[in-house]
Amino acid sequence: MSHKILKIHPDDNVLVALTDLKKGERVVYNGNEILITEDIQAKHKFAQYTIPLEKEITMYGTLVGKATTPIEKGAVLTTQNVSHLANSFTKKETTLTWEAPDISKLKDKNFLGYHRKDGQVGTANYWIVIPLVFCENRNIEVMKQAFLEELGFAKSGPYKNYVRQMVTLYQAGKESDIKNLDLTTEISQPEPLFKNVDGIKFLTHQGGCGGTREDSDMLCALIAGYINNPNVAGATILSLGCQNAQISILKEKLHDINPKLQKPLYILEQQQEGTEQQMLTKAIQQTFLGLTEVNTIKRASAPLSKLTIGLECGGSDGFSGISANPAVGRVSDLIVALGGKTMLAEFPELCGVEQELINRCTHQEIANKFIQLMRSYAASAEAVGSGFDMNPSPGNIRDGLITDAMKSAGAAKKGGSSPVVDVLDYAEYAKKKGVNLLCTPGNDVESTTALAGSGANIILFTTGLGTPTGNPIAPVIKISSNTPLAKKMPDIIDLDTGGIITGKKTIKQMGEEILEFVIQVASGKLKTKAQQLNQDDFIPWKRGISL
């Protein structure tokens, strides 16, 4: 790899600037000298040869757009001279022959997890408290206030202490000193009462009633997935009683996932319990006693085949598909070879690579489900005047991802190269070992929320621009595509794959480093930055449409 430019695939007609290129600069690729006709920022693409009007743009060896004006050799690709264009897709055309990576050094590796009675193994031991309807959000908050500080799970953080110091100065008549007050990040925290419980997660949302029945049913399925997730030891569910998301629906969805659930689960309905005080007193008492029960569970050795890894990206840039995503794809291949599960989400960001994924499906039936979900999703977007072509965000475009097909071609690299064993609709639970495709929006939080609901016990999240996304129950490992980001935002980035861009590391080496980090997090020996910052994002998808 040149330290200035890169051609990703032999069939491409564009090159990637790995560093800023200046107008008048000359670069050479494969003996061909190219005069740079304008300043080109790192991460952006430029024409290897003159590209005529309407000529297809190829990157990653796949169609990613077409020229809307002639593009001179050495000129940058922009939204002004390129428009979205993607390959069509049809039924499964070929059978995948996959060469699994060498896992001889990994076969004896284990992680320390929480073994559940159904055979799943958690990377954490959480209790969750969730409402079936938004009407119960306030009661969830009351329980949260009652529990966290008393049990030692509350993290006051530096900002509360910062305000407390300002109050002290103000009361002492020293207002002038407030401007010179520094933020103290080191705050002592009380020891939690329950040593083997990683926390109580109080989740709220705006669903359950007033929307479509499809949305309330999907919410019940999502909550059922959270209850069944191996990182969850037990749950308390609050219901009002008259909403669309009925307790009976939740129980039905939970039975579909796990008919023999063996976890403490308490469900309370306010309209049946009496006064608010009666319900809350009962809910708090049951939850406390449940915590004493799950506190007896301890970490024990488990094979890496018990890992279910969610694959996600957000705030992507022009390097994401070259460094972070293929490195995560390497991890996916290793986990699959070891007998584990991975899930590739974000269907709007698979636009243009559908045929490749269809051909990777182990059976035509699985491929047909993927085709149906993709076409249905695309039609829903178009019905409200949108479309997958509108997926790239302003940040994506600014940093070199100017069409959805270009973004998708890089995003799909997170799924590695192994066979696709199943296709899951939103809130379906992953049960087959191997790569699963999970239908979610491209929205970061809606997608990570769905991954945990489908059983992910770790989520690998790549980013080129930086995003504070986390999840309440599944540790989210944030992986930067470039070193400047890792240095600029060290509070949210766990791992940096920028060495791939500079040529200091290979994708294979970086994949192995990520996997070792995964093992440490899964064993409770490391806390991710998202966990440290309490980034407990939870947004159920309202199926209406979300890109």
Side-chain angles (χ1 to χ4, degrees), residues 1-12 14-19 27-30 42-43 45 59-62 96-109 304 307 309 311-313 316-338 340 342 344 353 356 360 399-401 406 409-418 435 458 460-464 477-487 493-521 526:
M1 181 190 292
S2 165
H3 292 309
K4 283 195 172 184
I5 61 173
L6 170 69
K7 187 170 185 176
I8 298 173
H9 190 279
D11 294 339
D12 294 354
V14 298
L15 300 170
V16 183
L18 300 181
T19 63
V27 296
V28 178
Y29 181 79
N30 201 24
K43 307 179 185 179
K45 291 77 188 170
M59 192 175 165
Y60 296 97
T62 192
L96 177 69
T97 301
W98 184 55
E99 185 177 342
D102 180 10
I103 55 170
S104 56
K105 295 180 181 179
L106 298 169
K107 281 187 174 180
D108 295 329
K109 278 189 174 288
L304 300 185
L307 290 173
I309 309 291
L311 310 171
E312 172 75 16
C313 60
S316 300
D317 71 347
F319 285 165
S320 291
I322 303 170
S323 57
N325 290 347
V328 165
R330 175 69 180 181
V331 177
S332 178
D333 285 346
L334 290 170
I335 291 294
V336 170
L338 287 162
T342 66
L344 178 62
V353 294
E356 176 189 337
R360 284 172 58 184
D399 269 47
L401 299 176
M406 185 182 291
K413 298 298 180 184
K414 299 191 301 295
S417 60
S418 61
V435 174
I458 291 276
L460 297 180
F461 191 120
T462 66
T463 182
I477 299 172
K478 214 70 62 62
I479 302 166
S480 71
S481 69
N482 62 90
T483 300
L485 170 63
K487 291 181 177 179
I493 299 298
D494 295 291
L495 292 166
D496 172 28
T497 63
I500 295 172
I501 300 299
T502 60
K504 294 178 180 178
K505 292 185 179 179
T506 65
I507 290 171
K508 180 180 177 182
Q509 289 171 333
M510 200 66 238
E512 291 172 354
E513 285 187 31
I514 295 171
L515 181 55
E516 183 56 40
F517 193 89
V518 166
I519 294 170
Q520 296 299 308
V521 171
L526 287 176

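Here, residue 1 is the first one in the sequence, and each next residue gets the next number. Not measured: the values here are computed from a predicted model.
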Check whether [X] reaches the backbone of [Y] with its side chain - one donor and one acceptor, N or O, closer than 3.5 Å.
{"X": "E356", "Y": "V353", "answer": "no"}
{"X": "S323", "Y": "S481", "answer": "yes"}
{"X": "K7", "Y": "D12", "answer": "yes"}
{"X": "S480", "Y": "G464", "answer": "no"}
{"X": "D333", "Y": "G416", "answer": "no"}
{"X": "K487", "Y": "P484", "answer": "no"}
{"X": "K45", "Y": "G400", "answer": "yes"}
{"X": "D494", "Y": "K478", "answer": "yes"}

Begin with the C-alpha distance, continue with both residues' side-chain angles, and end with the deciding distance and a verdict on side chain to side chain contact (heavy atoms under 4.5 Å, CB included) for I309 and V328.
CA-CA 10 Å; I309 309 291; V328 165; over 6 Å; no
Looking only at heavy atoms, what is the nearest atom pair of [X] and [Y], with distance?
{"X": "Y60", "Y": "G321", "value": "OH-CA, 3.2 Å"}
{"X": "T463", "Y": "S320", "value": "C-OG, 4.4 Å"}
{"X": "C313", "Y": "T462", "value": "CB-OG1, 3.0 Å"}
{"X": "V435", "Y": "S418", "value": "CG2-OG, 3.0 Å"}
{"X": "A327", "Y": "I514", "value": "CB-CD1, 3.9 Å"}
{"X": "I519", "Y": "K109", "value": "CD1-CD, 3.8 Å"}

[X] vs [Y] side-chain heavy atoms within contact, under 4.5 Å:
{"X": "L515", "Y": "I335", "answer": "yes"}
{"X": "L495", "Y": "E513", "answer": "no"}
{"X": "V16", "Y": "M59", "answer": "yes"}
{"X": "N325", "Y": "F319", "answer": "no"}

Rounded distance (nearest 0.5 Å) linking atom [atom1] of [X] with atom [atom2] of [Y]:
{"X": "L15", "Y": "K4", "atom1": "CG", "atom2": "NZ", "result": "13.5 Å"}
{"X": "R330", "Y": "Q509", "atom1": "CZ", "atom2": "CD", "result": "10.5 Å"}
{"X": "I507", "Y": "T497", "atom1": "CD1", "atom2": "OG1", "result": "9.0 Å"}
{"X": "L338", "Y": "K107", "atom1": "CG", "atom2": "NZ", "result": "9.0 Å"}
{"X": "S417", "Y": "R360", "atom1": "OG", "atom2": "CZ", "result": "6.5 Å"}
{"X": "I479", "Y": "F461", "atom1": "CD1", "atom2": "CZ", "result": "10.5 Å"}

Any residue meeting salt bridge (charged side-chain N to carboxylate O under 4.0 Å, His left out) with E512, in chain and number order, not counting sequence neighbours:
none
Passing option when L18 is tested against T502, N482, I501 for side-chain contact (heavy atoms from CB on, under 4.5 Å)
I501
